[in-house]
Amino acid sequence: MSKIAMKTPLVEMDGDEMTRVLWAMIKDKLILPYIDLKTQYYDLGLLHRNETQDAVTAEAAAATKRLGVAVKCATITPNAQRMEEYPQLTEMWRSPNGTIRAILDGTVFRAPITVKNIRPLVPNWQRPITVARHAYGDMYRAAEFRTEEPGTATLRFVGESGAVTEKEVAKLSPGAILQGMHNLDASIGHFAEACFRYALDQRQDLWFSTKDTISKIYDGRFKEIFDGVFEQYRTDFKKYGLSYFYTLIDDAVARVMRSGGGFVWALKNYDGDVMSDMVSTVFGSLAMMTSILVSPDGKYEYEAAHGTVTRHYYRHLKGEKTSTNPVATIFAWTGALKKRGELDGLPDLADFAEKLERAALDTIEAGDMTADLATLAVGQVRILNSEDFLDAIARRMN
């Protein structure tokens with residue numbers, strides 16, 4: 001059987017630990033037998049990022065801007081523990097996701113992957129909730145340091161005109177930590193426009209939440225911009241019977257828990273990170289969620305929304321079989337292949353991706369699944385290790 005041809009390469013960003021192992025298995029078992037795969041490969045594994053002084057991350061983001069579609073494996077963002085674990089590291093490198101998102105200035109849309117035999121932990125969530133996460137700035141691009149002596153902390157801005165704006169933050173006793181973060185009107189505007197467009201496309205209500213009662217200027221600016229952008233979409237929202245709803249983040253959490261789902265929830269960068277994990281867990285697993293970064297100029301990056309599954313990786317290194325769920329990583333590949341097929345006019349490529357997704361879901365609905373899903377599933381269940389689960393999907397594809 002001839003393989004499906006591609007015109008334009010995908011940007012392929014490899015990652016770390018157990019997800020890197022699964023990445024290779026997915027390609028070998030589910031993609032390469034069927035597709036004459038074309039990619040521009042970038043190794044975003046932690047040690048290679050260290051070797052390149054993290055230049056490889058910026059190169060991968062630039063390639064995404066050039067080629068239009070990327071697929072990314074989960075990667076390590078080092079902390080103090082990782083610096084001990086990887087003594088070769090010369091620096092505590094920033095989050096590669098944060099770097100890529102800053103360069104693309106996009107919005108991350110995350111939605112749960114649902115199957116018939118797994119019921120949400122919140123019984124009234126009958127329809128999926130899509131989390132729209134701002135992907136620029138805040139703590140992901142913050143400057144921070146620690147000081148041991150007493151002193152005064154100030155926030156200072158020097159304009160190009162030479163004008164200086166300065167505000168005292170606090171008078172500090174010995175032993176303090178400081179962080180300064182920022183955002184941009186243009187980026188917040190792009191975020192708002194993407195959220196309203198996506199809600200219209202999905203014919204779903206849009207909720208937005210911040211904490212503007214406390215962060216009156218920072219979070220308040222997000223609300224102001226969203227309110228302004230909504231005026232451009234008000235007529236279309238009314239036409240389709242959709243609503244735009246703003247509330248404080250703490251009130252939003254309570255309302256979301258009582259809701260029936262079926263809406264888009266727009267959140268700032270960190271809030272979106274946390275709440276997307278909550279939503280995916282309620283619907284089954286962190287490994288059962290799609291994650292798509294969409295830039296204002298129509299570039300796309302598909303990834304799994306979870307981490308590198310370190311605990312399973314160390315068991316893998318000991319030669320043990322692990323039951324690690326690869327579904328989100330499979331859907332990252334299928335999402336990228338569908339978009340590449342759509343943009344390049346290759347219906348066979350998009351159709352293949354749809355069939356692979358259906359094969360993965362059918363496998364789970366037949367009772368064959370990884371251990372993370374087994375406790376939530378109804379009916380007969382067979383717990384498989386990762387490789388056997390991928391083989392079961394491959395048999396359905398064949």
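If you read the sequence from its start, that first residue is 1, and numbering goes on from there.
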Modelled atom types, side-chain donor and acceptor of T107 and R197, under 3.5 Å: no
Step through the shown structure and confirm whether more than 12 heavy atoms of other residues, nucleotides or ligands are within 6.0 Å of CZ on R358. yes
Here's a test for you: under salt bridge (charged side-chain N to carboxylate O under 4.0 Å, His left out), which of D219, D271, D250, D251 qualifies with K211? D250
Indicate the ring-plane relationship of W207 and F263, choosing parallel, tilted or perpendicular according to the 30° and 60° boundaries. parallel
Residue from R315, E387, H312 passing side-chain hydrogen bond (donor to acceptor under 3.5 Å, both in side chains) with T324: H312
Shortest non-hydrogen pair, A5 vs L346, comes out as O-CD1, 3.8 Å
N/O donor-acceptor pair under 3.5 Å between N124 side chain and M257 backbone: yes
Is any side-chain heavy atom of D54 closer than 4.5 Å to one of W93? yes
L267 side chain near S209 side chain, heavy-atom distance below 4.5 Å: yes
Flag for T329-W23: side-chain donor and acceptor within less than 3.5 Å: no
Crowded around R203 CZ? As in, over 12 foreign heavy atoms under 6.0 Å? yes
Counting C-beta onward and ignoring hydrogens, is there a side-chain heavy-atom pair between P112 and M288 closer than 4.5 Å? no
According to the interplanar angle, ranging from 0 to 90°, do the rings of F196 and Y244 count as parallel (below 30°), tilted (30 to 60°) or perpendicular (above 60°)? perpendicular
M397 versus A359, closest heavy-atom pair with distance: SD-CB, 3.7 Å
Will you find, in the side chains of S187 and H134, an N or O donor that is under 3.5 Å from an N or O acceptor? yes
Do R20 and D43 have side chains that get closer than 4.5 Å, going by heavy atoms? yes
When you measure from the side chain of T290 to the backbone of A111, do you find a donor-acceptor pair of N or O atoms at a distance under 3.5 Å? yes
Roughly how far, to the nearest 0.5 Å, is the CG atom of D14 from the CG atom of L44? 8.5 Å
Are the side chains of D273 and R110 in touch, meaning some heavy atoms are under 4.5 Å apart? yes
Pair N97, S95: side-chain N/O donor-acceptor within cut-off below 3.5 Å: no
Say you draw a straight line from CG of D201 to OH of Y198; how long is it, rounded to the nearest 0.5 Å? 8.5 Å
Report yes or no: is the cationic atom of R133 (NZ for Lys, CZ for Arg) under 6.0 Å from the centre of the six-membered ring of Y140, at an angle within 45° of the ring normal? yes
May I ask you to say whether D227 pairs ionically with K223, meaning some side-chain N is under 4.0 Å from a carboxylate O? yes
Could you walk me through whether M289 and F331 pass side-chain contact (heavy atoms from CB on, under 4.5 Å), step by step? CA-CA 8 Å; M289 176 167 271; F331 273 62; over 6 Å; no
Are the side chain of K321 and the backbone N or O of N385 linked by a donor-acceptor pair below 3.5 Å? no
So, for Y246 and F226, is the gap between ring centers shorter than 6.0 Å? no
So which heavy atom on E357 is nearest to which on G335, and how close? OE2-N, 4.2 Å
Main chain of L46, side chain of D16: is a donor-acceptor contact present, judged purely on distance under 3.5 Å? yes
Where is the tightest heavy-atom contact between G261 and R127, given as atom of each residue plus distance? O-NH2, 3.1 Å
Is there a side-chain contact between L248 and T213 (heavy atoms, below 4.5 Å)? yes
Regarding R396 and E365, does a basic nitrogen lie under 4.0 Å from an acidic carboxylate oxygen? no
Do any N or O atoms from the side chain of N269 and from the backbone of M139 form a donor-acceptor pair under 3.5 angstrom? no
Go through the steps to decide whether K268 and F191 satisfy the test side-chain contact (heavy atoms from CB on, under 4.5 Å), and finish with yes or no. CA-CA 9 Å; K268 289 170 54 192; F191 172 46; 5.8 Å; no
Should the heavy atoms of other residues, nucleotides or ligands under 6.0 Å from CZ of R119 be counted, would the total exceed 12? no
So do D344 and M6 actually touch side chain to side chain, heavy atoms under 4.5 Å? no
Hey, any chance V115 and V327 share a hydrophobic cluster, counting ILVMFWY side chains that come within less than 4.5 Å of each other, even indirectly? yes
First locate atom OG of S259, then atom CD1 of I129, and finally report the distance between them rounded to the nearest 0.5 Å. 4.5 Å
Atom pair OG1 (T363) and CD1 (I393), whose distance is rounded to the nearest 0.5 Å: 5.0 Å
Check whether more than 12 heavy atoms from other residues, nucleotides or ligands sit under 6.0 Å from atom CD of E149, and answer yes or no. no
Check against side-chain contact (heavy atoms from CB on, under 4.5 Å), I35 and W333: CA-CA 12 Å; I35 295 175; W333 273 103; over 6 Å; no
Find out if a path of hydrophobic residues (ILVMFWY) with successive side-chain heavy-atom gaps under 4.5 Å connects L89 to Y313. no
Ionic contact status for E301 with K299, cut-off 4.0 Å: no
Could you tell me whether the side chain of P326 reaches within less than 4.5 Å of the side chain of M25, counting heavy atoms only? no
Using only atom types and a distance under 3.5 Å, with no angle test, would you say the side chain of N117 pairs donor to acceptor with the backbone of I364? yes
Once you round to the nearest 0.5 Å, how far does CE of M92 lie from OG1 of T77? 11.5 Å
Using ring centroids (six-membered ring only for Trp), state whether H190 and Y136 fall under 6.0 Å. no
Should L172 and I177 be regarded as members of a common hydrophobic cluster, given that ILVMFWY residues are connected when their side-chain heavy atoms come within less than 4.5 Å of each other, either directly or indirectly? no
Please report the C-alpha distance between T57 and R94 in whole Å, then the side-chain angles of each, then the deciding distance to 0.1 Å, and finally whether the side-chain contact (heavy atoms from CB on, under 4.5 Å) criterion is met. CA-CA 10 Å; T57 305; R94 287 181 179 271; over 6 Å; no
Please check this pair: side chain of K29 against backbone of L390, looking for a donor-acceptor N/O pair closer than 3.5 Å. no
Return yes if some donor-acceptor pair links the side-chain N/O of Q81 with the main-chain N/O of P78 below 3.5 Å, else return no. no
Working to the nearest 0.5 Å, report the span between CG of L104 and CG of D297. 8.0 Å
Polar side-chain atom of S386 near backbone of T322 as donor-acceptor pair, under 3.5 Å: yes
Check the hydrophobic clustering (I, L, V, M, F, W, Y; side-chain heavy atoms under 4.5 Å; chains of links allowed) and say if I31 and L67 are grouped together. no
Any ion pair linking D391 and R395 (charged N to carboxylate O, less than 4.0 Å)? no
Decide whether V131 and L121 are clustered together by the hydrophobic rule: side chain heavy atoms of Ile, Leu, Val, Met, Phe, Trp, Tyr closer than 4.5 Å, transitively. yes
ring-ring contact (aromatic ring centres under 6.0 Å, His included), paired with F230, selected from F237, F245, F208: F237
When every non-hydrogen atom of V279 is compared with those of W125, the smallest separation belongs to CA-CZ3, 4.1 Å
Without swapping roles, check the side chain of R49 against the backbone of I76 for a donor-acceptor pair under 3.5 Å. yes
Give me the atom names and distance for the closest heavy-atom approach of P9 to Q40. CB-N, 4.1 Å
